[in-house]
Amino acid sequence: MMQYRFDGKKVDLTEKEWKDRLTSEEFEVLRKQGTEPAFQNAYYDNKQHGIYRCAGCGLPLYSSDAKYDSGTGWPSFWKPLSEENITLHEDRKLSTRRAEVVCSRCGGHLGHLFDDGPAPTGKRFCMNSAALKIEPTKES
Ligand SMILES: [Zn+2]
């Protein structure tokens with residue numbers, strides 16, 4: 001998985017440039033910390049094999065191998081492809097314990113991390129489909 005590791009080169013665009021590049025749903029989630037509706041998004045029930053990339057900058061974030069059905073209505077993963085590719089921010093907006101998950105390359109909001117995921121990590125990376133784009137791969 002070395003080829004998927006973040007090389008440290010950031011993507012830094014203005015709000016106008018992001019608006020031009022993204023769809024309105026992508027912009028709302030990635031740049032405005034929006035949350036799309038549960039069960040009404042592209043990937044919550046997606047069973048394709050592949051690599052989920054950041055919809056903002058293309059950085060590879062998750063593999064379908066770590067995707068599981070959390071029952072929440074959002075695509076959920078128990079680990080990222082590489083720890084460097086995501087950045088966690090403590091979220092003080094709610095009293096529940098969770099961290100905001102952002103893309104390390106473009107700073108785009110992806111979703112949240114909770115501590116109620118499955119083994120072996122016990123983590124639940126609860127993502128917005130609008131923040132992701134799958135690159136399908138053949139089943140191995
Ligand atoms: Zn990104």
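Counting starts at 1 for both ligands and their atoms, in listed order.
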Are Glu17 and Arg31 close enough for a salt bridge, meaning some N to O gap below 4.0 Å?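 No, Glu17 and Arg31 are not salt-bridged.
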
Is a salt bridge present between Lys47 and Asp45, judged by a nitrogen-to-oxygen distance below 4.0 Å?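 Answer for the salt bridge query: yes.
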
Check ring-ring contact (aromatic ring centres under 6.0 Å, His included) between Phe6 and all other residues, then give those that pass, not counting sequence neighbours.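 ring-ring contact (aromatic ring centres under 6.0 Å, His included) list for Phe6, sorted by chain: empty.
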
Using side-chain contact (heavy atoms from CB on, under 4.5 Å) as the criterion, list what pairs up with Ser70, not counting sequence neighbours.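 side-chain contact (heavy atoms from CB on, under 4.5 Å) check on Ser70 returns Tyr68, Thr72, Ser76, Arg124.
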
Taking 2.8 Å as the limit, list every protein N, O or S atom around the Zn ion (ligand 1), by chain and residue number.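 Sorted hits: Cys54 SG, Cys57 SG, Cys103 SG, Cys106 SG.
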
Please list all pairs passing the ring-ring contact (aromatic ring centres under 6.0 Å, His included) test where one or both residues lie in residues 17-39, with sequence neighbours left out.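 Counting only pairs at least two positions apart or across chains, the ring-ring contact (aromatic ring centres under 6.0 Å, His included) contacts touching residues 17-39 are Phe39-Tyr44.
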
Distance in Å, Arg98 CZ paired with Glu90 CD, rounded so as to fall on 0.5 Å steps: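 Separation between the atoms: 12.0 Å.
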
